[in-house]
Novice: 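Quick one: this structure, given as structure tokens, is what I'll be asking you about.
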Amino acid sequence: MTDYKKVKLLKFKIHGDSRGGLIALEEYNDIPFNIKRVYYIFDTKDNVIRGKHAHKSLEQVLICVHGRCKVLLDDGIERKTVTLDRPDKGLYISNAIWREMFDFTDGAVLLVLASKLYDESDYIRQYDEFLKFIQKR
Ligand code: T46
């Protein structure tokens, strides 16, 4: 990735004891933005690729709280793939990053914390439009 500030792996503190684990996420402490929306992706079918879009302004943190999935990240110059496989590992994705989520294991649950409410007009769903968007900036 050329712009390293656009994506970042986050490591969350586990409050573990003899009963098991607990992770608490607070806006601005653990998550670098005001959390406006939470959603989760589950029951993903075999060989499915989700995402395939970028956002004009939305920031998000992705956490695979159960199981494993991979996320392809593309800033228009370079592509890299990150594996999310632990509940204490988060992937911060800023705006203007093309993402694709794939290789979900059976039962995987991908939790997403988002900086804004759902707004379809914030999505860039065509790759050529994404390239134009980042060139204009
Ligand atoms: C992203 C990746 C990581 C809503 O109504 N509200 C919501 O908050 C969301 C996220 C989705 N939807 C509706 C819109 C579609 O009819 O749920 C349906 C599936 O959404 P989409 O095809 O955009 O899902 P993914 O998995 O391709 O992408 C999602 C997020 O939309 C996106 O912002 O970055 O997860």
Side-chain angles (χ1 to χ4, degrees):
M1 286 276 132
T2 308
D3 190 347
Y4 291 95
K5 282 176 283 186
K6 288 268 177 198
V7 295
K8 195 175 177 193
L9 278 174
L10 308 174
K11 174 87 170 69
F12 305 126
K13 181 174 168 51
I14 301 177
H15 301 275
D17 59 27
S18 58
R19 298 170 297 172
L22 183 155
I23 293 172
L25 302 177
E26 296 185 355
E27 57 190 12
Y28 300 122
N29 284 334
D30 312 279
I31 303 299
F33 50 75
N34 182 222
I35 302 165
K36 281 282 185 67
R37 179 166 51 108
V38 176
Y39 60 92
Y40 33 97
I41 293 168
F42 59 97
D43 200 17
T44 307
K45 308 303 177 209
D46 284 350
N47 303 316
V48 159
I49 304 177
R50 300 197 65 119
K52 294 191 180 180
H53 59 252
H55 282 280
K56 293 175 189 164
S57 65
L58 187 72
E59 298 171 81
Q60 301 191 102
V61 170
L62 279 56
I63 308 156
C64 200
V65 292
H66 186 258
R68 190 197 69 225
C69 72
K70 293 181 184 167
V71 186
L72 177 142
L73 301 159
D74 179 341
D75 65 1
I77 297 169
E78 261 185 82
R79 292 187 149 210
K80 74 174 178 185
T81 298
V82 170
T83 299
L84 296 179
D85 53 0
R86 297 177 55 92
D88 61 343
K89 183 176 178 180
L91 173 64
Y92 168 77
I93 309 179
S94 183
N95 69 319
I97 295 286
W98 187 266
R99 81 285 315 266
E100 299 181 8
M101 301 90 76
F102 61 102
D103 256 8
F104 286 80
T105 55
D106 264 359
V109 180
L110 181 64
L111 176 72
V112 183
L113 310 177
S115 64
K116 294 190 170 182
L117 301 182
Y118 178 70
D119 175 7
E120 184 58 37
S121 71
D122 192 68
Y123 284 72
I124 307 169
R125 293 197 182 269
Q126 301 300 325
Y127 191 75
D128 55 344
E129 281 175 27
F130 164 64
L131 292 179
K132 280 186 208 150
F133 180 79
I134 54 172
Q135 278 156 16
K136 271 194 285 179
R137 301 166 78 233

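Computed from a predicted model, the values in this text were never measured in an experiment.
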Novice: Between Leu62 and Leu84, is any pair of side-chain heavy atoms under 4.5 Å apart?
Specialist: yes
Novice: Is it the case that one hydrophobic cluster holds both Val109 and Leu113, taking links as side-chain heavy atoms less than 4.5 Å apart, direct or via other members?
Specialist: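 Yes, it is one cluster - the side chains of Val109 and Leu113 are joined through contacts under 4.5 Å.
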Novice: Report, as yes or no, whether the 6.0 Å neighbourhood of atom CG on Asp106 holds more than 12 heavy atoms from other residues, nucleotides or ligands.
Specialist: no
Novice: Quick check on Phe42: does its CZ atom have over 12 non-hydrogen neighbours (other residues, nucleotides or ligands) under 6.0 Å away?
Specialist: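 Not more than 12 within 6.0 Å, no.
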Novice: Using a 4.5 Å cut-off on heavy atoms from C-beta on, say whether the side chain of Arg37 contacts that of Val112.
Specialist: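 Val112 vs Arg37: side chains apart.
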Novice: Measuring only between side-chain heavy atoms, which start at C-beta, is His66 closer than 4.5 Å to Leu111?
Specialist: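 With C-beta onward as the side chain, the pair stays apart.
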Novice: Please test Phe130 against Asp74 for side-chain contact (heavy atoms from CB on, under 4.5 Å), starting from the C-alpha separation and ending with a verdict.
Specialist: CA-CA 10 Å; Phe130 164 64; Asp74 179 341; 4.2 Å; yes
Novice: If I take atom CG from residue Leu91 and atom CD1 from residue Ile97, how far apart are they, to the nearest 0.5 angstrom?
Specialist: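 Going from the CG atom of Leu91 to the CD1 atom of Ile97 covers 10.0 Å.
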Novice: Taking the side chain as every heavy atom from C-beta outward, state whether Tyr92 and Glu59 have any atom pair closer than 4.5 Å.
Specialist: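 Yes, close enough: below the 4.5 Å cut-off.
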Novice: If two hydrophobic side chains count as joined below 4.5 Å and joins carry through other members, does Leu10 share a cluster with Val82?
Specialist: no
Novice: Would you say that more than 12 heavy atoms from the other residues, nucleotides or ligands in this model lie under 6.0 Å from the CG of Asp17, or not?
Specialist: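 Enclosed.
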Novice: State plainly whether one hydrophobic cluster holds both Val61 and Ile23, where clusters connect Ile, Leu, Val, Met, Phe, Trp and Tyr through side-chain heavy atoms under 4.5 angstrom apart.
Specialist: yes
Novice: Same cluster or not: Phe102 versus Val48, using hydrophobic residues (I, L, V, M, F, W, Y) connected whenever any side-chain heavy atoms lie under 4.5 Å apart?
Specialist: no
Novice: Check whether any side-chain heavy atom of Leu25 sits under 4.5 Å from a side-chain heavy atom of Ile63, and report yes or no.
Specialist: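 Of all side-chain heavy-atom pairs linking Ile63 with Leu25, at least one is under 4.5 Å.
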Novice: Output, in order, the C-alpha distance, side-chain angles, deciding distance and verdict of side-chain contact (heavy atoms from CB on, under 4.5 Å) for Val7 and Lys80.
Specialist: CA-CA 10 Å; Val7 295; Lys80 74 174 178 185; 4.2 Å; yes
Novice: Enter the distance from Lys5:NZ to Ser94:OG here, rounded to the nearest 0.5 Å.
Specialist: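 Result: 10.5 Å between the selected atoms.
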Novice: Looking only at the side chains, is there a donor atom on one of Asp85 and Thr83 sitting less than 3.5 Å from an acceptor on the other?
Specialist: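 Absent: no donor and acceptor within the cut-off.
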Novice: From Asp119 CG over to Leu58 CG, what is the distance, rounded to the nearest 0.5 angstrom?
Specialist: 9.0 Å
Novice: Ion pair present between Lys56 and Glu129, side-chain N to carboxylate O less than 4.0 angstrom?
Specialist: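 Between Glu129 and Lys56 there is no salt bridge, as every charged N stays at least 4.0 Å from the carboxylate O atoms.
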Novice: For the residue pair Arg79 and Tyr127, would you count it as a cation-pi contact if the rule is NZ or CZ under 6.0 angstrom from the ring centre and within 45 degrees of the ring axis?
Specialist: yes
Novice: Distance from Gln60 atom CD to Ile35 atom CD1, nearest 0.5 Å?
Specialist: 12.0 Å
Novice: Take Asp88 and Lys11 through the test salt bridge (charged side-chain N to carboxylate O under 4.0 Å, His left out) and record every step on the way to the result.
Specialist: CA-CA 6 Å; Asp88 61 343; Lys11 174 87 170 69; 2.8 Å; yes
Novice: Hey, are the side chains of His55 and Tyr123 touching, using non-hydrogen atoms and a 4.5 Å cut-off?
Specialist: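 Result yes, sub-4.5 Å side-chain heavy-atom pair found.
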Novice: From Ser115 OG over to Glu27 CD, what is the distance, rounded to the nearest 0.5 angstrom?
Specialist: 11.0 Å
Novice: How far does NZ of Lys52 sit from CG of Leu72, to the nearest 0.5 angstrom?
Specialist: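 Here the interatomic distance stands at 11.0 Å.
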Novice: Only counting residues at least two apart or in another chain, list the ones meeting side-chain hydrogen bond (donor to acceptor under 3.5 Å, both in side chains) with Arg68.
Specialist: none
Novice: If only side-chain N and O atoms count, and only distance matters, is there a donor-acceptor pair under 3.5 Å linking Asp122 with Ser57?
Specialist: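 Side-chain D/A pair, Ser57 to Asp122: present.
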Novice: Mark yes or no for whether His53, through its side chain, and Trp98, through its backbone, hold a donor-acceptor pair below 3.5 Å.
Specialist: no
Novice: What closest approach, in Å, do Cys64 and Cys69 show between heavy atoms, and which atom pair accounts for it?
Specialist: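 Reported closest heavy-atom pair: SG-N, 3.9 Å.
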Novice: For the hydrophobic clusters of this structure (ILVMFWY residues joined by side-chain heavy atoms under 4.5 Å, transitively), does one cluster hold both Ile93 and Tyr118?
Specialist: no
Novice: Do Lys45 and Asp43 have side-chain heavy atoms sitting under 4.5 Å apart?
Specialist: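 Counting from C-beta outward, Lys45 and Asp43 do come under 4.5 Å.
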Novice: Tell me yes or no: between the side chains of Lys116 and Asn34, is some donor less than 3.5 Å from an acceptor?
Specialist: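 Absent: no donor and acceptor within the cut-off.
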Novice: Would you mind reporting whether Gln126 and Lys132 have side-chain heavy atoms less than 4.5 Å apart?
Specialist: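 A side-chain contact is absent here, since even the closest heavy-atom pair is not under 4.5 Å.
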